[in-house]
Amino acid sequence: MALEEYRRKRDFKKTPEPEGKVAAPKGPVRFFCVQKHLATQLHYDFRLEHNGVLLSWAVPKGPSLDPKTKRLAMKVEDHPVDYGEFEGVIPEGYGAGIVLLWDVGTWQPDVTDIDAALKKGDLKFTLHGYKLKGSWVLVRTGGRYPGARAGASPDGRSWLLIKHRDEWSGDVDITEFAPKSVKSEGDFEDILAADMPAVWMSNRPARGGDTGATLAKIIERAIKLKDTQGKPAKPAEKRIRTTETVGAELARPAIKPATKRKTARSARVPAAAARQTSRKK
């Protein structure tokens, strides 16, 4: 069963993640998304819709637009298509942390048989997202690539996500250049602030190292955001905040959809992302 492992790992009485089901095919247009996930370690979940589910890879360092940079991508369990619009806080259990919808769009295979390409370990495709566009490839490796766990390859989970050289490639670090959500336009602290950060802070799994330090800072900022919500701002403070907001907007990348095709799913692309791109026109 396609989603058996996904469901086995989660308690849907405790997690806000969708239980989901295998979706019926909706034509040739396929959905894709990338979710930035602060869990045990910060990583990016890269997902491609195929056969009614989202094929999923965890990319520790996130996608790179530089064709010379090969990013490790660990194959994980399939997710329901509904998961592609999920953003929020997983309070406990498997994957506990904060999920941010970092990119969304459609994809098309550059091969005639997707299943055969996956079996071979060489899937070429084109992305039409807000941040990721153009030609890409996923290549399965023997697990000897730097960053792969020792002996990680017999199960075939180790892949590389590589950008092909085209008009959308370059040396800009897209994860640093465009770090925020295409759904809410917020960052981790904004998402957490909307999900009772003080309560989650007391229940979160213990973490150490850099991830733990990052999480502690995010929780602290989220609590401050929560505390200030609903409080009327003084005139001077309001002017300062407006100036900072404008500066942040001007610093956002000039991102726009690469395709004009409209489908039932593309109509659900977050309005916040559309507003973000329209400011640059």
Side-chain angles (χ1 to χ4, degrees), residues 2-6 8-9 22 30-81 83-84 86 94-95 97 99-129 131-166 168-171 173-175:
L3 297 175
E4 182 177 355
E5 185 177 359
Y6 170 84
R8 179 180 60 80
K9 291 181 175 181
V22 177
R30 297 173 173 86
F31 174 80
F32 97 91
C33 74
V34 181
Q35 284 156 317
K36 188 175 176 182
H37 188 179
L38 182 64
T40 305
Q41 297 291 336
L42 174 65
H43 64 278
Y44 293 73
D45 292 311
F46 182 80
R47 311 191 194 279
L48 301 174
E49 180 185 2
H50 177 56
N51 285 343
V53 297
L54 293 177
L55 305 179
S56 300
W57 290 260
V59 184
K61 294 185 178 181
S64 172
L65 302 183
D66 186 350
K68 299 188 297 295
T69 301
K70 301 175 176 64
R71 286 289 162 85
L72 179 67
M74 298 300 294
K75 188 75 173 65
V76 297
E77 73 274 12
D78 297 341
H79 283 52
V81 173
Y83 200 99
F86 174 71
Y94 181 77
V99 178
L100 179 155
L101 188 57
W102 185 77
D103 198 14
V104 68
T106 61
W107 76 282
Q108 62 190 64
D110 295 334
V111 296
T112 55
D113 189 330
I114 297 174
D115 292 316
L118 289 168
K119 184 177 181 180
K120 182 181 177 181
D122 186 357
L123 176 62
K124 297 179 177 67
F125 53 92
T126 298
L127 297 179
H128 305 285
K131 300 175 184 179
L132 305 183
K133 308 174 190 292
S135 180
W136 297 73
V137 64
L138 276 163
V139 181
R140 189 167 54 237
T141 75
R144 294 180 293 275
Y145 185 76
R149 292 180 294 111
S153 313
D155 57 5
R157 292 182 59 234
S158 298
W159 294 64
L160 297 176
L161 176 63
I162 307 169
K163 179 76 183 77
H164 285 153
R165 194 172 301 280
D166 60 16
W168 301 110
S169 61
D171 58 4
D173 185 341
I174 190 64
T175 62

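These numbers were taken from a predicted model, which means no experiment stands behind them.
- Closest of all the heavy-atom pairs between Ser64 and Thr69 is OG-CB, 3.4 Å.
- A donor-acceptor pair under 3.5 Å is absent between the side-chain atoms of Trp168 and the main chain of Leu132, judged by distance alone.
- Of all the heavy atoms in Ala58 and Pro60, the pair that sits closest is O-CD, 3.4 Å.
- Judged purely by atom type and a 3.5 angstrom limit, His164 has no side-chain atom pairing as donor or acceptor with the backbone of Ile162.
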Quiz prompt | Chi angles and distances behind the side chain to side chain contact (heavy atoms under 4.5 Å, CB included) call for Lys133, Lys163 | solution = CA-CA 9 Å; Lys133 308 174 190 292; Lys163 179 76 183 77; over 6 Å; no

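- Contact annotation: the side chain of Leu48 approaches that of Leu123 to within less than 4.5 Å [non-hydrogen atoms, C-beta and beyond].
- Smallest separation of non-hydrogen atoms from Ile174 and Pro63: CG2-O, 3.7 Å.
- Within the model, atoms CG of Leu138 and CG of Leu160 stand 9.0 Å from one another, a figure rounded to the nearest 0.5 Å.
- Distance alone, capped at 3.5 Å, places no donor-acceptor pair between the Asp166 side chain and the Gly134 backbone.
- In this structure, the side chains of Gln35 and Tyr83 come closer than 4.5 Å at one or more pairs of heavy atoms.
- Ring geometry for Phe125 versus Phe46: interplanar angle of 30 to 60°, hence tilted.
- Listed here is the closest heavy atom pair of Ser56 and His79: OG-ND1, 3.6 Å.
- Side-chain atoms of His43 come within 3.5 Å of backbone atoms of Gln41 as a donor-acceptor pair (strictly under, hydrogens ignored).
- For the pair Trp57 and Leu161, the minimum side-chain heavy-atom distance is 4.5 Å or more.
- Side-chain contact check for Asp115 and His50: at least one donor-acceptor pair (N or O, by modelled atom type) lies under 3.5 Å.
- Looking only at side-chain heavy atoms (C-beta outward), Asn51 and Asp78 stay at 4.5 Å or farther from each other.
- Atom CD of residue Gln108 and atom CG of residue Leu127 lie 9.5 Å apart, to the nearest 0.5 angstrom.
- Judged purely by atom type and a 3.5 angstrom limit, Arg47 has no side-chain atom pairing as donor or acceptor with the backbone of Cys33.
- Within the 3.5 Å criterion, the main-chain N or O of Lys131 finds a donor-acceptor partner in the side chain of Asp103.
- Here the shortest heavy-atom pairing between Trp107 and Phe31 reads CD1-O, 3.2 Å.
- Counting only distance, with no hydrogens or angles, the side chain of Lys124 and the backbone of Trp136 share no donor-acceptor pair below 3.5 Å.
- The closest donor-acceptor contact from the side chain of Glu49 to the backbone of Gly84 lies at 3.5 Å or more, if one exists at all.
- With Arg157 contributing its side chain and Lys75 its backbone, the two residues share a donor-acceptor pair below 3.5 Å.
- In plain terms, the two heavy atoms of Pro67 and Leu65 that are nearest each other are CD-O, 3.3 Å.
- Residue-environment remark: CG (Asp113) exceeds the threshold of 12 foreign heavy atoms within 6.0 Å.
- Side-chain contact between Val111 and Lys120 is absent, with no heavy-atom pair separated by less than 4.5 Å.
- With Arg140 contributing its side chain and Leu118 its backbone, the two residues share a donor-acceptor pair below 3.5 Å.
- Note that NZ of Lys61 and OG1 of Thr175 are 11.0 Å apart. Values are rounded to the nearest 0.5 Å.
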